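Reading through the structure tokens given below for one structure.
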Amino acid sequence: MNVQIVLFDGFDLLDAIAPYEVFVAAGMYSEEEIIVKLVSAEGERMVTSGVNQLQLQASGKIDLSSKGIILVPGASGSVHDNGPDSIPVKLKKATETELNNILREAMKKADILLSTVCGGSLILAMDGLLEGRHAVTHHMGMGLLSATNAIPVSARIVDDGDLVTGGGVTSGLDVALYLVERELGSRIAHAVEQLFEYERRGTVWKAEGHAPKESKHENPMETTSSRSSNQTDTDKSFNFQGKWDTTISTPIGDLSVLLDLSSEDGRIVGTAKQGENIATLNNAVLEGNQLKWSMKVTKPMRLTLKFIVSVDGNNMYGEAKAGMLPSSKLIGHRIS
């Protein structure tokens with residue numbers, strides 16, 4: 001069995017090293033040869049981690065002809081700002097390398113099992129590779145998973161067939177032990193647990209068995225929408241209708257977006273044009289002096305953004321937000 005653990009600039013050390021040690025240990029107990037390699041999208045090179053810029057040697061390039069497991073770690077860095085050292089920026093930079101195309105091809109191969117630890121699933125999600133797939137990441141990134149139209153599951157490990165994802169940093173141990181059990185059997189996995197004096201945590205979630213009964217909670221968006229349908233009549237002083245030339249300042253550059261907003265039969269409708277791409281505003285509601293909506297975008301990555309804006313005469317200001325990503329400032333002016 002071949003195991004390739006992917007390194008990229010800014011990767012988290014524990015996300016990569018914990019699974020590496022588990023698979024190497026499994027090789028000690030298995031009759032099957034287990035080859036474990038540290039690899040990169042670019043090939044053999046020293047790769048700088050996000051932990052004190054410690055470097056590890058990638059022995060070669062990711063090999064899609066080698067059947068087995070490819071494991072993608074997350075990144076390490078700041079979670080409190082949108083600077084170059086922040087985790088979202090490091091993950092986004094990883095998607096802008098050849099790694100993105102390689103992982104896309106890996107997901108098409110029946111003899112490759114793709115796995116992630118922590119923010120590794122966000123690398124896939126940011127390019128739309130997890131749309132409609134069950135997955136988990138660090139708890140701070142679950143909102144971003146949802147924003148990329150993945151199906152977030154609050155579990156330590158999520159097994160979605162040819163995709164196995166893990167939660168926060170230490171879940172790398174649990175993911176690797178589960179993969180050892182899944183591919184080599186529980187006896188070898190148990191032997192590794194005994195060697196490491198560690199017991200795997202949590203129930204592995206799969207889309208199998210009986211679904212649990214769900215509580216009947218009120219849908220907040222439906223409630224907001226029904227309430228706001230009346231507000232579009234009462235808040236007549238809030239004139240949002242027209243075409244707006246806006247700029248959204250994201251951590252990875254400014255986006256120019258042309259908004260076209262109007263009201264039809266008491267409902268707020270509109271579109272957003274970014275270059276040649278046009279997106280429809282979803283769930284647009286008016287709450288007091290704030291207009292809120294969500295919409296799908298493909299640039300700078302595939303996301304569902306949630307907007308909150310205010311209007312002052314012919315000026316618009318507010319923010320766009322997607323999961324754990326820092327809020328992006330929006331400013332604009334009415335052009336018609």
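Keep in mind it's a predicted model, so treat the numbers as computed, not measured.
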*asked:* For residues Leu13 and Val72: do they belong to one hydrophobic cluster (side chain heavy atoms under 4.5 Å, members Ile, Leu, Val, Met, Phe, Trp, Tyr)?
replied: yes
*Just by distance, with hydrogens left out, do Thr165 and Asp160 show a side-chain donor and acceptor under 3.5 Å apart?*
no
*Hydrophobic cluster membership, Val311 vs Ile308, 4.5 Å side-chain cutoff*: no
*Does Glu105 CD have over 12 foreign heavy atoms under 6.0 Å away?*
yes
*asked:* Less than 3.5 Å apart, any donor N or O on the side chain of Gln53 or Thr48 sitting next to an acceptor on the other?
replied: no
_Sequence neighbours excluded, every pair satisfying side chain to side chain donor-acceptor pair (under 3.5 Å) that has a member inside residues 4-26_ = Asp9-Arg45
*Under 4.5 Å between any side-chain heavy atoms of Leu179 and Val22, yes or no?*
no
*Mind checking whether Lys61 and Glu42 have side chains closer than 4.5 Å, heavy atoms only?*
no
_Distance-only donor-acceptor check, side chains Arg133 and Ser121, under 3.5 Å_ = no
*Give the intermediate values and the outcome of side chain to side chain contact (heavy atoms under 4.5 Å, CB included) for residues Lys93 and Ile123.*
CA-CA 9 Å; Lys93 285 183 177 179; Ile123 292 177; over 6 Å; no
_Test applied, side-chain hydrogen bond (donor to acceptor under 3.5 Å, both in side chains); reference residue, Arg200; option that passes from Glu181, His190, Glu193_ = Glu181
*Within the 6.0 Å centroid threshold, strictly below: His134 and Trp205*: yes
*Do Ile151 and Val136 sit in the same hydrophobic cluster, where Ile, Leu, Val, Met, Phe, Trp and Tyr count as joined when their side-chain heavy atoms come under 4.5 Å apart?*
no
*Does the side chain of Ser66 come under 3.5 Å of the side chain of Asn2 through a donor N or O and an acceptor N or O?*
yes
